[in-house]
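Below is one structure, written out as structure tokens, with a few remarks after it.
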2 protein chains.
Amino acid sequence: MAAAMASLPGFRSAQEIHAELRRQGEAVGLTTVYRHLQVLSEQGVIDTIRDPSGESLYRQCGSTAHHHHLTCRQCGRSVEVEGRVVEQWAEKVAAEAGFTAVDHTVELFGLCPDHSG
Amino acid sequence: MAAAMASLPGFRSAQEIHAELRRQGEAVGLTTVYRHLQVLSEQGVIDTIRDPSGESLYRQCGSTAHHHHLTCRQCGRSVEVEGRVVEQWAEKVAAEAGFTAVDHTVELFGLCPDHSG
DNA sequence: ACTGGAAATAGAAACGGTTATCATTAACGT
DNA sequence: ACGTTAATGATAACCGTTTCTATTTCCAGT
Ligand SMILES: [Mn+2]
Ligand SMILES: [Mn+2]
Ligand SMILES: [Zn+2]
Ligand SMILES: [Zn+2]
């Protein structure tokens, strides 16, 4: 399962991952896929984002450090990006407003070069 | 409906808004609330965000220009923030990766001063 | 006022992704 | 082998949201 995840190049939904595993002959249930994804996510092995429709997408990233993603709406292909300026901006905004325990969600969605045509 | 929205100080779910309207004696159905929220959202009158659980939250903001929000997890109270640096960062990242039609989601969630205790 | 067609409304049912349940099966240590 | 524990997966439940559709409300034209 974790092995199968590592081979996927982009963000995929639980159902897509399930279908892919079945296609490869692995007789796994959708429940187990969700369960493994949750564990892997808690362990920090995989990242989870939500697409504009609200569906969760999963991917094993190269970096284990804090980062964000630029993801293709069409194929899920994703670029890992980091931005010190964004982190600093978030901290500054939070401090100025007197908010505590502030967390941020930063996601970029677009069309990758292959799907820009 | 739009009038009722204007009086709410923070982000609220459709169901909370519906409950509030009923509390005020307005005999409106949940379907109608969703319908109006969708129209108002398309018109740009109200903003929509998604809380960490995926539920949609709605609010009428003071500014009609592009901005983001720092929202209290506890009470929905929200501060409108803008960040040129974030916009520029997003554009730069997109350009470097060769992505087009890039849109960004930037949300900050924390605890407002009243709920930081 | 009356009327007829268009728009708005609201309850119920459907939808879709996710989670909980629980009986069955596999894995493990002794 | 045996008993215990953990993992699995089919099914049902969950929950916010959308669709369906019958009914009600509007409103212009007469
Ligand atoms: Mn960050
Ligand atoms: Mn922005
Ligand atoms: Zn693509
Ligand atoms: Zn608060």
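Letters go in sequence order (proteins before strands), and every chain restarts at 1.
- Of the candidates dT19(C), dT17(D), dG9(D), the closest approach to any side-chain atom of Thr32(A) belongs to dG9(D).
- With dC20(D), dG17(C), dT17(D) as the choices, the nucleotide that has an atom nearest any side-chain atom of Glu55(A) turns out to be dG17(C).
- Contacts of His36(A) with the nucleic acid, taken as non-hydrogen atoms under 4.0 Å apart, involve only primed sugar atoms and P, OP1 or OP2.
- Closest non-hydrogen pair, Thr71(B) versus Ile49(B), comes out as OG1-CD1, 3.8 Å.
- dT9(C) atom C1' lies 14 Å from atom CG of Leu21(B), rounded to whole Å.
- When distances run from any side-chain atom of Leu30(A) to the nucleotides dT18(C), dT9(C), dG9(D), the shortest one goes to dT18(C).
- Looking at Glu20(B) and Arg23(B), a side-chain N of the basic residue comes within less than 4.0 Å of a carboxylate O on the acidic one, giving a salt bridge.
- With rounding to whole Å, Gln15(B) atom CD is found 12 Å from dC14(D) atom C1'.
- If you measure from atom CG of Leu57(B) to atom C1' of dC15(D), you get 15 Å, rounded to the nearest angstrom.
- For the side chain to side chain donor-acceptor pair (under 3.5 Å) with Asp47(B), the qualifying choice from Gln60(B), His67(B), Arg59(B) is His67(B), the only one to do so.
- Rounded to whole Å, atom P of dA10(C) lies 13 Å from atom CG of Leu37(B).
- Between Tyr34(A) and dT19(C) there is no side-chain polar atom (N or O) within less than 4.0 angstrom of OP1 or OP2.
- Scanning atom types as modelled, one donor and one acceptor separated by under 3.5 angstrom connect the side chain of Arg35(B) and the base of dA10(C).
- Taking atom CD on Gln38(A) and atom P on dG17(C), their separation rounds to 18 Å, with Å as the unit.
- Residue-level contact check: Ser56(A) touches the backbone only, with heavy atoms under 4.0 Å from sugar-phosphate atoms and none from bases.
- Between the C1' atom of dA10(C) and the CD atom of Glu26(B) lies a distance of 14 Å, rounded to the nearest Å.
- Here the P atom of nucleotide dT19(C) and the CD atom of Glu42(A) are 11 Å apart, to the nearest Å.
- Ring geometry for His104(B) against His68(B) counts as tilted: the plane angle lies between 30° and 60°, on a 0 to 90° scale.
- Considering only the side chain of Thr31(B), dC20(D) comes nearest among dC20(D), dG17(C), dA20(C).
- The aromatic rings of His69(A) and Phe11(A) stand perpendicular to each other, their planes meeting at an angle above 60°, with 30° marking the opposite boundary.
- Here the C1' atom of nucleotide dT18(C) and the CD1 atom of Ile17(A) are 14 Å apart, to the nearest Å.
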